[in-house]
Amino acid sequence: MKIATFNINGVKARIETLCDWLDDSAPDVAILQEIKSVDDGFPRQLIEDRGYTLETHGQKGFNGVAILSKLPLEDVTRGLPGDDADEQARWIEATVVGDVAVRICGLYLPNGNPAPGPKFDYKLAWMERLLARATALLADEMPALMAGDYNIIPQGMDAARPQVWRDDALFRPESRAAYRRILNLGFTEAFRTLEPGAGHYSFWDYQAGAWEKNNGIRIDHFLLTPQCADLLAGAWIEKDLRARDKPSDHVPVWVELRP
DNA sequence: ATGGCAGCTATGAGCTGA
């Protein structure tokens, strides 16, 4: 089973890119972020025509996450537990029922800039709630993964120019420590586990020729529970998509799970 | 990453993103 996470930066602006990608790359499951659309505004028919079941958790204008699957989806939940007042659509869960059932959590972690400030506080508070959900997932002792745009540069090697990001919310010590606390519960970060080298990125800014200069960062990640890590057969970044017409500023990151 | 780009919005100049 091949699973991809992809921050598409607006489903209405990216629908042609998204459909071409589904046709060409054929993920069994796609976890999308920044759909920037309410649920009713999602071009559902184009997705279903391609054989996908679609579950969305949208919001007007910003944020918004979705899960697409060629296999049945069960037990869908929306919203990260822990703060009923949080209205930002950044979390969706569903169980994919294939040869083995896998709990899929799709996330769009807050950016947090400028730091310090209220947006940075929201990021860290959100990560505390993520830690709690991650702890509960581990306690279930089932194959499960949390994937999406983490807005975290885990290490210096995950940025072309790490010194530029030193004070940024994506790289500040508090952000990376919060990310490590989750990892250290016992999760496996799929890509880094299989690819120890530097120079692999999942985002290049639209500005200042970042793509042409390969001035990227790696901020889209798959975190696997031990039972899911046992199934890990591959992990890669679909970098080529960034060079196409009307690209997102992110590219898809993949894992393959094999029972 | 510095403004420069891109997408969104009670259509418009302002917000958000990373």
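Just so you know, these numbers come straight off a predicted model, no measurement behind them. Reminder, nothing fancy here: chain letters follow the sequence lines and each chain counts from 1.
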Chain A footprint on DNA chain B, 5' to 3' - any atom under 4.0 Å from a heavy atom: dA1(B) to dA18(B)

5' precedence on DNA chain B between Asp249(A) and Arg161(A) (nearest-nucleotide basis): Arg161(A)

Most 5' of Lys213(A) and His250(A) on DNA chain B, judged by nearest nucleotide: Lys213(A)

Sole candidate of Val29(A), Leu32(A), Leu73(A) that passes side-chain contact (heavy atoms from CB on, under 4.5 Å) when paired with Leu68(A): Leu32(A)

Name the nucleic acid region contacted by [X], choosing base, sugar-phosphate or nothing; use a 4.0 angstrom heavy-atom cut-off, strictly under.
| X | value |
| --- | --- |
| Tyr108(A) | sugar-phosphate |
| Asn7(A) | sugar-phosphate |
| Asp149(A) | sugar-phosphate |
| Asn9(A) | sugar-phosphate |
| Ala13(A) | sugar-phosphate |
| Lys119(A) | sugar-phosphate |

Looking only at atom [atom1], what distance separates [N] and [M], rounded to whole Å?
| N | M | atom1 | result |
| --- | --- | --- | --- |
| dG3(B) | dG14(B) | C1' | 15 Å |
| dG12(B) | dG7(B) | C1' | 14 Å |
| dA1(B) | dC15(B) | P | 24 Å |
| dT2(B) | dC8(B) | P | 26 Å |

Flag side-chain contact, heavy atom, 4.5 Å: Phe6(A) against Glu238(A): no

Asn9(A) and Tyr206(A), any side-chain heavy atoms less than 4.5 Å apart: yes

Mutual orientation of the aromatic rings belonging to Tyr179(A) and Tyr150(A) [parallel < 30°, tilted 30-60°, perpendicular > 60°]: perpendicular

Salt bridge present between Arg244(A) and Asp24(A) (N-O < 4.0 angstrom): yes

Basic-acidic side-chain contact under 4.0 Å: Glu174(A), Lys123(A): no

Heavy-atom donor-acceptor pair, Arg258(A) side chain to Ala233(A) backbone, under 3.5 Å: no

Under 3.5 Å donor-acceptor, Gln88(A) side chain and Arg90(A) backbone: no

Atom of Leu54(A), atom of Ile47(A) and distance for their closest heavy-atom approach: CB-CG2, 4.3 Å

Sub-4.0 Å heavy-atom contacts from residues 85-92 of chain A onto DNA chain B, ordered by number: Arg90(A)

